[in-house]
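Report on the following structure.
Here is how names work: the chains are called A, B, and so on, in the same order as the sequence lines, proteins then strands, and each is numbered from 1.
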There are 2 protein chains.
Amino acid sequence: MTRTTAVFRTARDTSRWGLDAMKLDAVDIRQAASAADIVYEALRKAIIEGALAEGENLRQDQIAQMFNTSRIPVREALSRLEQHGLITTQRYKGAVVAGLSIEEIEEIFEFRALLEAEVIRLAVPNMDRRTLELARRHCDEFGKESDSAKWGETNRNFHYSLYEAARRPYYLQIVRASLDRIDRYLRAQLTLTDGMKRAAREHEAILEACTKGDAELASSLTRDHILDAGRSLVAFLREQRG
Amino acid sequence: MTRTTAVFRTARDTSRWGLDAMKLDAVDIRQAASAADIVYEALRKAIIEGALAEGENLRQDQIAQMFNTSRIPVREALSRLEQHGLITTQRYKGAVVAGLSIEEIEEIFEFRALLEAEVIRLAVPNMDRRTLELARRHCDEFGKESDSAKWGETNRNFHYSLYEAARRPYYLQIVRASLDRIDRYLRAQLTLTDGMKRAAREHEAILEACTKGDAELASSLTRDHILDAGRSLVAFLREQRG
DNA sequence: CATAGAAAGATTGGATCCAATATACAATCT
DNA sequence: AGATTGTATATTGGATCCAATCTTTCTATG
């Protein structure tokens, strides 16, 4: 391992040798993921996609064995998940996948509507041809996917490709976190209703407004898109939960 | 320590004995803070109040010794601080108190204006007499305090006492996190300018609008209050940083 | 038989130890 | 001298061990 480091250290200064010719990417080796990063990302993905049911118990030892590591990185991953509201923990009792009440879900949708409507309003003036083309490609993906996991991914890609143009990293971080919290419920509902077709239509309309440069229209469409999704999800859950 | 635990364990089941008569508060002993909680809160407070300068190095070992504990709880505390954006860490290099660029500060103020204006709009219809009286008391505190740490605390108390009425825990969590990030800069500026007097006047106006039940006015006053503070802070920082 | 209380097992929180990496500095070569 | 390489030290990441607590099971007793 010491050898490996030495190799990279030498490789990093490309001023001499013929290294330039090798066209190595300027990857910063130090950003390599830690064990905690890997565990965190895996658990986050599992929770978001609904692979881990809400209320499910997360035992440190068990997770550690899954990832062939000790409990220390697992604890750090769990700590991060708790900060993001994806799990809840009790001292000496452990962690469970967080479940959301219908009221909490309603609040998050209301919040997202406010935030994302503003983000896209700020984004529209900055959208260049590349952004719109990228969003167009994501938008076209919707027709093809029926798997809810992939659909959810495409949904994120579409919205974020537009939101990026707002150049508001802090807003986007919050948007991401709030979507993380309700994505499972959204995906579960989309597969069981005609929500996907409806969402696809609304995405088309949003993209069109962006292409025309109509920030206000894009904003209000986004707002309605989110509120509609929230309403039908809540209706679905009330049915399901009784 | 074992003795102490035994005492608590016995005290917890109040079914027997004459404990009911003692009118003990129903404090859940299990919520007692862990070492990580204590370290986290202390560091968070220090960063928010500006006691720890931005860029300052946070050594795990050093902090552990300060709190008479091992590095494990310290690591967890640092992890939480990083999730909240109060510090930045690099693998094998450690943690430093996060600094914000002027652009980032502007973005956070813009974000807060959007969010808090909405929160207070939602809150006004729910404000009862107790809420308004509490806010009034906090508002009256402003005249007395000139210490920036206490002023900052009073400022939070005032705003949150109104925001609570919105009954939107998720919104409030985000509001709190975004204020945490810029509080240091705000406090530093307030002590050096006449910002405190101005803020006090604006607080009076906001409280008055709430008392009258004018949600739209309270919302727009809050929005302006935050944007004004942001603008003068940014001007101050541009001066200071050159 | 039901239930309070105690013992046993499981699980988390924290301490200590080892490994991996970074930084600072001395040694060496041109 | 200046650059480069090796080494020593400091610091973080991860593994293992112990203590504190929760949960379950068992037992005694009414």
_Salt bridge A:R187-A:D183, side-chain N to carboxylate O under 4.0 Å_ = yes
*What is the distance, rounded to the nearest whole Å, between atom CD of A:E82 and atom P of C:dT12?*
13 Å
*asked:* Does A:E54 form a side-chain hydrogen bond (donor to acceptor under 3.5 Å, both in side chains) with A:Y185? I'd like the steps, not just the answer.
replied: CA-CA 10 Å; A:E54 82 180 46; A:Y185 304 103; 2.8 Å; yes
*Would you state whether a donor and an acceptor, one from the side chain of B:R75 and one from the base of C:dG14, lie under 3.5 Å apart?*
no
*Rounded to whole angstroms, how far apart are CD on B:Q62 and P on D:dA10?*
14 Å
*B:R71 has an atom CZ; how far is it from atom P of C:dG14, in whole Å?*
15 Å
_From OH of A:Y92 over to P of C:dG14, roughly how many Å is that when rounded to an integer?_
6 Å
*Indicate yes or no: does B:E110 engage A:R168 in a salt bridge with an N to O separation below 4.0 Å.*
yes
*Give one of base, sugar-phosphate or nothing for A:L78, where a contact means two heavy atoms less than 4.0 Å apart.*
nothing
*Hey, does the side chain of B:T69 come within less than 4.0 Å of C:dA15's phosphate (OP1/OP2), counting only N and O?*
yes
*If only side-chain N and O atoms of B:K93 are considered, is one of them under 4.0 Å from the OP1 or OP2 phosphate oxygen of C:dT23?*
yes
*Minimal non-hydrogen separation, B:L162 against B:A123, with atom names*: O-CB, 3.5 Å
_Rounded interatomic separation in angstrom, taking CD1 from B:I38 and P from C:dG13_ = 14 Å
*What's the CD-C1' distance between B:E76 and D:dT12, to the nearest Å?*
17 Å
*asked:* Quick check: on DNA chain D, is the nucleotide nearest B:N57 upstream (toward 5') of the one nearest B:I72, or the reverse? Name the residue that is more 5'.
replied: B:N57
*Hey, is the side chain of B:Q90 poking within less than 4.0 Å of OP1 or OP2 on D:dT12, counting only N and O atoms?*
no
_Quick check for you: among C:dG14, C:dT11, D:dG14, whose closest atom lies nearest to any side-chain atom of A:R59?_
C:dT11
*Specify the separation, in whole Å, of atom CG of B:N68 and atom P of C:dG14.*
14 Å
*Rounded to the nearest Å, what distance is computed from the CD1 atom of residue A:I63 to the P atom of nucleotide D:dA15?*
15 Å
_Full working for side chain to side chain contact (heavy atoms under 4.5 Å, CB included) between B:Y170 and A:E104_ = CA-CA 8 Å; B:Y170 187 70; A:E104 289 170 321; over 6 Å; no
_Can you see if the side chain of A:Q60 gets near the phosphate of C:dG13 - specifically, an N or O under 4.0 Å from OP1 or OP2?_
yes
